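FYI, side chains are in, hydrogens and waters are out, and symmetry mates aren't considered; it's all heavy atoms of this structure. Keep in mind the model is a prediction, meaning the values are calculated, not measured.
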Amino acid sequence: MVEQHRSAWCFALLVLGYLLYLVFGAVVFSSVELPYEDLLRQELGKLKQRFLVEHACLSEQQLEQFLLRVLEASNYGVSVLSNASGNWNWDFTSSLFFASTVLSTTGYGHTVPLSDGGKAFCIIYSVIGIPFTLLFLTAVVQRIIVYVTRRPVLYFHIRWGFSKQIVAIIHAVVLGFITVSCFFFIPAAIFSVLEDDWNFLESFYFCFISLSTIGLGDYVPGEGYNQKFRELYKIGITCYLLLGLIAMLVVLETFCELHELKKFRKLFYVKKDKEEDHVHIMEHDQLSFSSISDQAASMKDDQKANEPFVTSQSPTSNDSSLNN
């Protein structure tokens, strides 16, 4: 019974494992972050009370109305701080960066459309642009992986006689290490230098959150006070996100082509019944007896056309024709 329904049992275990992993993540995040949230709430409460004591002419209701409006504006990427007033969220380079985050489904959330027209255009732009981006990335990755993955593996397999599976595993590990170094460690070191209030861990965290298209938006580069060459910096970040996303997809596709992973994925897939497929094919309207015979005749003609030229006449028939 277990062997007959092996795929169903594996799928049930997969669902259970995924739900347990979700619960595990919720427990860990809650236990780690809840104390920090409590401390931050207490600190903000003390600052609020101190401010009201020092400014007795201001009521608590007026202060809360002001803070509510400030927080609403902050959700739209607009800050009332004097050191952030010089950074515009909707100049060309910032808009280009926003468009790239929308099409790549990263969506940091630090900048959102303010007007109804901008929100409507964002919907239409995303509906067309996201499938367009997927098509573009698929085409690019399909071409890159031929030269980066398949040809090197075949070269070592044919040229040196190594096992194709072993070569594929080593190649995937090496490619993953190079990708992590070039698009995570090195950019993290650069961001930690260019961003004044980022350390290496925070920079690496931004790279991972961005290239995995999670896009939490708590760290966004180029938003600091008096950022040097901000326009050029934004364009460079846009190029980095696009190239990094392509590199991540190439690595994922390389690992997905490993024979071991293919066998592992098949454990959770539904196996097709050959008898049902045979009946479905025979009942299909396009596959009538006449069409099958026509297809068989065309296949024979194609085979004859592809065969090398050979004379069908025997030597005796040629001699008799010469004698005649």
Side-chain angles (χ1 to χ4, degrees), residues 18-90 94 97-98 101-102 104-114 119 184-185 187-228 230 233-234 237 240-241:
Y18 186 76
L19 294 177
L20 290 176
Y21 194 72
L22 284 176
V23 174
F24 170 73
V27 171
V28 172
F29 283 125
S30 178
S31 60
V32 171
E33 296 298 330
L34 190 59
Y36 286 92
E37 180 185 0
D38 184 56
L39 290 175
L40 183 59
R41 287 178 179 272
Q42 294 179 8
E43 181 182 357
L44 291 176
K46 292 179 181 179
L47 289 175
K48 177 182 174 182
Q49 294 300 324
R50 183 185 304 174
F51 183 84
L52 290 174
V53 170
E54 294 177 354
H55 303 80
C57 59
L58 183 65
S59 65
E60 183 176 0
Q61 182 179 3
Q62 292 175 337
L63 178 61
E64 289 187 352
Q65 290 178 353
F66 173 74
L67 293 177
L68 180 62
R69 182 56 180 166
V70 170
L71 293 176
E72 289 178 353
S74 179
N75 291 331
Y76 287 94
V78 179
S79 176
V80 297
L81 299 177
S82 59
N83 58 0
S85 60
N87 296 334
W88 293 91
N89 296 320
W90 293 106
S94 299
F97 179 68
F98 172 78
T101 58
V102 169
S104 62
T105 67
T106 304
Y108 292 111
H110 70 296
T111 302
V112 293
L114 299 174
K119 295 175 182 177
F184 286 90
F185 286 105
I190 295 175
F191 283 127
S192 63
V193 174
L194 296 179
E195 299 291 334
D196 296 333
D197 53 348
W198 290 14
N199 56 31
F200 181 80
L201 177 60
E202 293 171 338
S203 301
F204 189 89
Y205 169 80
F206 163 76
C207 295
F208 176 79
I209 293 298
S210 299
L211 297 185
S212 60
T213 68
I214 297 174
L216 296 178
D218 47 351
Y219 290 93
V220 180
E223 301 296 325
Y225 174 63
N226 290 333
Q227 180 70 52
K228 296 181 179 180
R230 186 171 183 269
Y233 188 34
K234 284 285 188 180
I237 297 170
Y240 161 73
L241 293 177

Inset, instruction - Fit a plane to each ring of F98 and W90, take the angle between them on a 0 to 90° scale, and name the class: parallel (under 30°), tilted (30 to 60°) or perpendicular (over 60°). - result: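 The arrangement is perpendicular - the two ring planes meet at more than 60°.
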
Inset, instruction - May I ask you to decide if the ring planes of Y205 and Y219 are parallel, tilted or perpendicular, using 30° and 60° as cut-offs? - result: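 Rings of Y205 and Y219: perpendicular, as their planes differ by over 60°.
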
Non-hydrogen atoms of [X] and [Y] that approach each other most closely:
| X | Y | result |
| --- | --- | --- |
| S30 | L34 | O-CB, 2.9 Å |
| P221 | W198 | N-CH2, 3.7 Å |
| E202 | D197 | OE1-O, 3.2 Å |
| P113 | K119 | O-CE, 3.5 Å |
| K234 | S94 | CE-OG, 4.4 Å |
| L52 | L63 | CD2-CD2, 3.7 Å |

Let me confirm one number: the [atom1]-[atom2] distance from [X] to [Y], rounded to the nearest 0.5 Å.
| X | Y | atom1 | atom2 | result |
| --- | --- | --- | --- | --- |
| F184 | L211 | CZ | CG | 4.5 Å |
| R69 | L71 | CZ | CG | 11.0 Å |
| L19 | F24 | CG | CZ | 15.0 Å |
| L67 | K48 | CG | NZ | 7.5 Å |

Inset, instruction - Could you list the residues that satisfy side chain to side chain donor-acceptor pair (under 3.5 Å) with Y108, not counting sequence neighbours? - result: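 Partners of Y108 under the side chain to side chain donor-acceptor pair (under 3.5 Å) test: S210.
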
Inset, instruction - Mind checking side chain to side chain donor-acceptor pair (under 3.5 Å) for E33 and listing every partner two or more places apart, or none if nothing turns up? - result: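 Scan of E33 (side chain to side chain donor-acceptor pair (under 3.5 Å), adjacent residues dropped) gives none.
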
Inset, instruction - Answer yes or no: does atom CD of Q61 have more than 12 heavy-atom neighbours from other residues, nucleotides or ligands under 6.0 Å? - result: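 No, CD of Q61 has 12 or fewer neighbouring heavy atoms, counting only those of other groups under 6.0 Å.
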
Legend entry - F208 atom CZ: more than 12 heavy-atom contacts under 6.0 Å: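 For F208, atom CZ is not crowded (no more than 12 foreign heavy atoms under 6.0 Å).
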
Inset, instruction - Give a yes or no on whether the backbone of A189 and the side-chain of S192 come within a donor-acceptor separation of less than 3.5 Å. - result: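 Looks like yes, one N/O pair under 3.5 Å.
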
